[in-house]
Amino acid sequence: MRKWRNERGAVAVEFALLLPLLVTLLIGIMEFGMFYSAQISVTAAAREAARVMAIGNDPAAARTAARAASPVLDPALTDTQIAISGACVSGATAKITISYSLPALTGLFGPSFGITGRAAMRCGG
């Protein structure tokens with residue numbers, strides 16, 4: 001019995017030492033999940049904008065399609081974040097680049113994350 005009496009509180013000390021590491025790991029997993037979800041959404045938005053641009057050659061409609069394809073992004077995409085390369089004529093390629101800044105959940109790993117989504121599609125259907 002005496003042996004256990006000398007080690008009382010050791011578990012609490014070990015837990016106190018590991019708690020910051022576990023919390024940091026948990027926050028990192030949450031931040032990565034948000035980043036990955038936003039990356040998928042931005043890439044899908046770029047793909048949808050490239051499709052609309054390749055079919056209709058309408059930059060305004062392509063920007064609208066990109067915003068509609070990414071409803072989960074907060075803050076939402078703006079026209080300045082959606083870059084469309086050149087006019088879409090038959091045989092050319094519609095190229096869309098979306099640059100998005102995702103605000104960090106906690107700020108532990110930085111204030112925001114830069115995300116870029118690119119897509120290209122041949123014009124003329």
Side-chain angles (χ1 to χ4, degrees):
M1 278 302 231
R2 278 204 177 288
K3 180 182 176 188
W4 295 106
R5 191 174 290 177
N6 292 337
E7 294 182 12
R8 279 184 102 184
V11 173
V13 171
E14 290 171 0
F15 181 71
L17 291 173
L18 287 177
L19 184 64
L21 178 66
L22 294 175
V23 169
T24 304
L25 185 64
L26 179 65
I27 290 171
I29 290 169
M30 290 170 30
E31 292 278 7
F32 179 77
M34 284 186 51
F35 171 80
Y36 192 67
S37 174
Q39 177 65 54
I40 290 171
S41 185
V42 167
T43 302
R47 190 178 311 115
E48 183 63 21
R51 185 189 71 78
V52 169
M53 186 67 184
I55 292 172
N57 193 20
D58 184 5
R63 286 186 173 91
T64 301
R67 282 192 299 276
S70 58
V72 297
L73 295 179
D74 185 32
L77 290 175
T78 62
D79 285 346
T80 58
Q81 294 171 321
I82 305 167
I84 300 173
S85 300
C88 197
V89 294
S90 184
T93 302
K95 295 179 183 177
I96 308 293
T97 302
I98 298 177
S99 300
Y100 183 74
S101 180
L102 176 69
L105 183 64
T106 61
L108 187 63
F109 303 107
S112 64
F113 303 103
I115 298 175
T116 302
R118 292 185 181 90
M121 231 174 244
R122 192 171 195 179
C123 297

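Remember, predicted model here, so these are calculated numbers, not experimental data.
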Pick out which of [options] makes a side-chain contact (heavy atoms from CB on, under 4.5 Å) with [X].
{"X": "Thr116", "options": "Val42, Thr43, Thr97, Ile98", "result": "Thr97"}
{"X": "Leu17", "options": "Val13, Leu19, Leu21", "result": "Val13"}
{"X": "Met30", "options": "Thr106, Leu105, Leu108", "result": "Leu105"}

Partner set under side-chain contact (heavy atoms from CB on, under 4.5 Å) for [X], not counting sequence neighbours:
{"X": "Ser112", "answer": "Ser101"}
{"X": "Ile40", "answer": "Tyr36"}
{"X": "Ala120", "answer": "Thr93, Lys95"}

Which atom pair, heavy atoms only, marks the closest approach of [X] to [Y]?
{"X": "Ala49", "Y": "Ala62", "result": "CB-O, 3.4 Å"}
{"X": "Ala54", "Y": "Cys88", "result": "CA-SG, 3.8 Å"}
{"X": "Ala38", "Y": "Ile115", "result": "CB-CD1, 3.5 Å"}
{"X": "Cys123", "Y": "Ala94", "result": "SG-N, 3.5 Å"}
{"X": "Met121", "Y": "Arg51", "result": "SD-CA, 3.4 Å"}
{"X": "Asn57", "Y": "Ala87", "result": "OD1-C, 4.2 Å"}

Co-membership, hydrophobic cluster, residues Ile27 and Phe35, 4.5 Å side-chain:
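Shared cluster, yes.
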Please say yes or no: joined through hydrophobic side-chain contacts below 4.5 Å, possibly via intermediate residues, are Val23 and Phe15 part of one cluster?
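Val23 and Phe15: one cluster.
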Side chains of Met34 and Phe113, heavy atoms from C-beta outward: is any pair under 4.5 Å?
no
Just wondering, do Ile96 and Glu48 contact through their side chains at under 4.5 Å, heavy atoms?
no
If you apply the rule side chain to side chain contact (heavy atoms under 4.5 Å, CB included), what do you find for Asp79 with Arg67, and how did you get there?
CA-CA 9 Å; Asp79 285 346; Arg67 282 192 299 276; 2.4 Å; yes
Backbone of Gly33 reached by a side-chain donor or acceptor of Ser37 within 3.5 Å
no
Verify, without hydrogens or angle tests, whether Tyr100 (side chain) and Pro75 (backbone) share a donor-acceptor contact under 3.5 angstrom.
yes
What's the separation between atom CD in Gln39 and atom CG in Leu102, rounded to the nearest 0.5 Å?
10.0 Å
Do other residues, nucleotides or ligands put more than 12 heavy atoms under 6.0 Å from the CZ atom of Arg118?
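It does not: Arg118 CZ has 12 such atoms or fewer within range.
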